[in-house]
Protein chains: 2
Amino acid sequence: MAQPEADLGIVDALAQLSFLVQGMLAKRAAAHDLSMIQTRLLGVLRDREPTMQELARLLELDKSSATGLVDRAEKRGLVKRTPSIEDRRSIRVTLTPLGRRIVSDAAGAFQTDIMSATACLSTADKKRLATLATRVITDYGRQLDGRALGG
Amino acid sequence: MAQPEADLGIVDALAQLSFLVQGMLAKRAAAHDLSMIQTRLLGVLRDREPTMQELARLLELDKSSATGLVDRAEKRGLVKRTPSIEDRRSIRVTLTPLGRRIVSDAAGAFQTDIMSATACLSTADKKRLATLATRVITDYGRQLDGRALGG
DNA sequence: TATTGTTATACTCTATAACTATA
DNA sequence: TATAGTTATAGAGTATAACAATA
């Protein structure tokens with residue numbers, strides 16, 4: 001029935017793959033009634049306790065957008081604001097136990113999704129895909145660094 | 001200076017790659033003052049003239065959300081509503097010449113981004129990456145079909 | 001009755017500008 | 001003066017529920 005299809009070009013292949021992966025993330029987030037940006041918020045807080053300004057930079061948001069984002073997460077008991085000791089203008093944002101539990105659940109479910117989606121690949125091919133993706137990601141990071149340093 | 005880094009695991013590699021690619025799309029869309037969903041709207045209209053209901057299904061939106069989306073795009077002269085002949089309840093949504101020009105520009109710029117981001121890969125490795133991504137995408141489509149058919 | 005599309009409403013998410021408090 | 005954060009405001013984007021027109 002299904003013909004052996006021709007490979008997509010690299011552009012369409014990466015675009016479609018990105019929508020597939022983001023869709024999985026969004027679905028697992030929605031299972032906890034979280035938007036993507038709320039999920040990213042919890043994600044960055046897993047190993048950081050940033051100030052509002054640092055948080056805005058990490059999420060590439062205006063500081064006023066970060067205020068609203070944290071307001072809504074705090075109202076749901078997912079994060080907590082604590083005054084900074086060093087600078088009385090600053091506050092630090094941290095995960096609550098509930099927030100940590102939810103982000104761990106979502107991350108675990110997403111991992112299951114990816115393993116399921118790549119189950120059609122041999123172990124060697126999975127490794128190849130991870131290697132190639134890693135090279136693109138790290139090379140892109142270096143391009144950004146170069147731009148930032150060089151002008 | 002930079003150590004040869006270990007590959008990311010498949011989960012992190014695909015997640016980070018998806019954010020990288022979506023960021024490129026968003027940046028090229030923003031250059032035309034378009035959101036991702038507006039860009040997707042123009043994208044699906046490149047080779048279709050759907051009814052509002054079909055459009056909502058294609059974009060996975062509620063029909064009322066599609067109404068607002070098309071309202072805003074129409075106000076900017078990017079799309080056009082035309083009455084359907086077959087069913088007087090229906091309308092068809094089509095690209096205007098401006099909308100078509102803008103989506104073509106954005107698609108071309110995005111293609112440049114992807115070629116630049118994968119310039120670190122040999123031609124053979126680019127082909128491998130496209131092949132592996134295509135297999136994941138098509139296998140996922142088959143899983144969905146199987147679920148839809150089997151229950 | 002069922003379907004197509006819109007409207008009314010409410011919420012999240014976002015940025016700009018103005019503001020308060022602290023440095 | 002400059003920085004950290006909030007508030008006021010405006011707009012995009014989303015869903016639910018109720019509605020009008022057509023089938």
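In what follows, chains are A, B, ... by sequence order, proteins preceding strands, each numbered from 1. Since the structure is predicted, the reported quantities are computational estimates derived from the model, not experimental observations.
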>> Testing the basics here: between Thr134(B) and Ala130(B), what is the closest heavy-atom pair and its distance to 0.1 Å?
In response: OG1-O, 2.7 Å
>> Between Asp7(B) and Arg135(A), does any NZ, NE, NH1 or NH2 come within less than 4.0 Å of an OD or OE carboxylate oxygen?
In response: no
>> Check this for me: does any side-chain nitrogen of one of Arg142(B) and Asp139(B) sit under 4.0 Å from a carboxylate oxygen of the other?
In response: no
>> Please give me every residue in residues 73-83 of chain A whose heavy atoms get under 4.0 Å of an atom in DNA chain D, ordered by residue number.
In response: Arg81(A)
>> Rounding to an integer number of Å, can you tell me how far Leu69(B) CG sits from dA15(D) P?
In response: 11 Å
>> Is there, by distance only and without an angle test, a donor paired with an acceptor across the side chain of Ser64(B) and the base of dT16(D) below 3.5 Å?
In response: yes
> Under a 4.0 Å heavy-atom cut-off, which of residues 36-52 of chain B touch DNA chain C?
Replying inline: Thr51(B), Met52(B)
> To the nearest angstrom, how far is Ile85(A) atom CD1 from dA4(D) atom P?
Replying inline: 18 Å
>> Without decimals, in angstroms, what is the distance between Arg57(B) CZ and dT3(C) P?
In response: 15 Å
> To the nearest Å, how far apart are Leu61(B) CG and dG5(C) C1'?
Replying inline: 15 Å
>> Pairing donors with acceptors under 3.5 angstrom, does anything connect the side chains of Ser18(A) and Gln22(B)?
In response: yes
>> Please report the distance, rounded to the nearest Å, between CG in Asp62(A) and P in dA10(D).
In response: 17 Å
> Could you give the CD-to-C1' distance, from Glu60(A) to dA15(C), as a whole number of Å?
Replying inline: 15 Å
> Say you draw a straight line from CG of Asp71(A) to NZ of Lys75(A); how long is it, rounded to the nearest 0.5 Å?
Replying inline: 7.0 Å
> Under a 4.0 Å N-O cut-off, is there an ion pair linking Arg92(A) with Glu54(A)?
Replying inline: yes
> Which heavy-atom pair separates Gly99(B) from Leu95(B) by the least distance, and what is that distance?
Replying inline: C-CD2, 4.1 Å
> Rounded to whole angstrom units, what separation is found between the CD1 atom of Ile91(B) and the P atom of dT7(C)?
Replying inline: 11 Å
> How many angstroms lie between atom CZ of Arg40(A) and atom CG of Leu59(A), to the nearest 0.5 angstrom?
Replying inline: 5.5 Å
>> What's the separation between atom OG in Ser104(A) and atom CG in Leu42(A), rounded to the nearest 0.5 Å?
In response: 10.0 Å
> To the nearest 0.5 Å, what is the distance between CZ (Arg57(B)) and OG1 (Thr51(B))?
Replying inline: 8.0 Å
>> Just the rounded figure in Å: distance from C1' of dT6(D) to CZ of Arg72(A).
In response: 14 Å
> When you check every protein heavy atom under 4.0 Å of nucleotides 18-23 of chain C, what one-letter string (B, S, -) results, 5' to 3'?
Replying inline: ---BBS
>> Measuring from atom NZ of Lys127(A) to atom CG of Leu121(A), what distance do you get when rounded to the nearest 0.5 angstrom?
In response: 13.5 Å
>> Please tell me if Ser65(A) has a side-chain N or O lying less than 4.0 Å from either OP1 or OP2 of dT14(C).
In response: no
>> Is the phosphate of dG5(D) approached by Ser90(A) (side-chain N or O, under 4.0 Å from OP1 or OP2)?
In response: yes
